Amino acid sequence: MVKTIHILNGPNLNLLGKREPEIYGHETLADVESACAAVAAERGHAVRLFQSNHEGEIVEQIHRARDEAAAIVINPAAYTHTSVAILDALNAFEGPVIEVHISNVHKREAFRHHSYVSLRADGVIAGCGVEGYALAIRRVCSLIG
Ligand code: DHK
């Protein structure tokens with residue numbers, strides 16, 4: 001049975017490829033989506049990518065994932081470090097959750113070292129560039145079978 005994995009992205013990631021490329025690289029979210037779709041397809045699964053600059057929209061997308069997704073890969077971007085609402089929404093999701101950061105947040109400013117989402121995530125990938133998303137898809141495919 002084909003299962004769908006939701007790939008959720010927080011604020012400013014719509015600018016991926018253009019925004020601070022020395023930190024976030026030159027690839028776009030469309031590139032991320034096609035790389036992730038290829039990895040998921042190897043295991044017979046599908047992906048759906050979502051991005052929003054608004055915290056409440058991300059919360060609502062996580063609610064939709066309760067019915068639509070077998071797993072979530074999430075880069076909450078700046079909300080990683082601030083959002084109890086996103087943590088609470090993820091706590092209401094039953095499948096595997098992998099947290100992704102393109103940059104190595106632990107090499108950066110101290111305010112990026114804490115993640116609310118890590119309290120829920122089954123795994124965390126940071127500092128692997130946009131390749132981290134495909135690594136996360138590989139992991140959730142192992143978890144969902
Ligand atoms: C992306 C962001 O936009 C930042 O706010 C986070 C994260 C790090 C990333 O590395 O993907 O602090």
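When a ligand or atom number is given, it counts from 1 through the structure's own listing order. No experiment lies behind these values; they were computed from the predicted model shown.
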Report summary line: For residues 129-145, the side-chain hydrogen bond (donor to acceptor under 3.5 Å, both in side chains) pairs (sequence neighbours left out) are N9-Y133, N75-Y133

Report task. Could you tell me the separation between the CD atom of E33 and the CD atom of Q51, rounded to the nearest 0.5 Å? Result -> 12.0 Å

Report task. Verify the distance criterion only: is there a donor paired with an acceptor across the side chains of E99 and S118 at less than 3.5 Å? Result -> yes

Report task. Enter the distance from I137:CD1 to E42:CD here, rounded to the nearest 0.5 Å. Result -> 11.5 Å

Under 3.5 Å, side-chain donor or acceptor atoms of residues 11-20 against the rest of the protein: list the pairs with distances, not counting sequence neighbours.
none

Considering only N or O atoms, set out every pair between ligand 1 and the protein closer than 3.5 Å, with distances to one decimal place.
{"residue": "ligand 1", "atom": "3 (O)", "partner": "R19", "partner atom": "NH1", "Å": "3.2"}
{"residue": "ligand 1", "atom": "3 (O)", "partner": "R19", "partner atom": "NH2", "Å": "2.8"}
{"residue": "ligand 1", "atom": "5 (O)", "partner": "A78", "partner atom": "N", "Å": "3.2"}
{"residue": "ligand 1", "atom": "5 (O)", "partner": "R112", "partner atom": "NH1", "Å": "3.2"}
{"residue": "ligand 1", "atom": "10 (O)", "partner": "I102", "partner atom": "N", "Å": "3.2"}
{"residue": "ligand 1", "atom": "10 (O)", "partner": "S103", "partner atom": "N", "Å": "2.8"}
{"residue": "ligand 1", "atom": "10 (O)", "partner": "S103", "partner atom": "OG", "Å": "2.6"}
{"residue": "ligand 1", "atom": "11 (O)", "partner": "N75", "partner atom": "ND2", "Å": "2.9"}
{"residue": "ligand 1", "atom": "11 (O)", "partner": "I102", "partner atom": "N", "Å": "2.8"}
{"residue": "ligand 1", "atom": "12 (O)", "partner": "H81", "partner atom": "NE2", "Å": "2.7"}
{"residue": "ligand 1", "atom": "12 (O)", "partner": "R112", "partner atom": "NH1", "Å": "2.8"}

**Report entry** Sequence-distant partners of Y24, ring pair (Phe, Tyr, Trp, His ring centres under 6.0 Å), two or more places apart
**Finding:** none

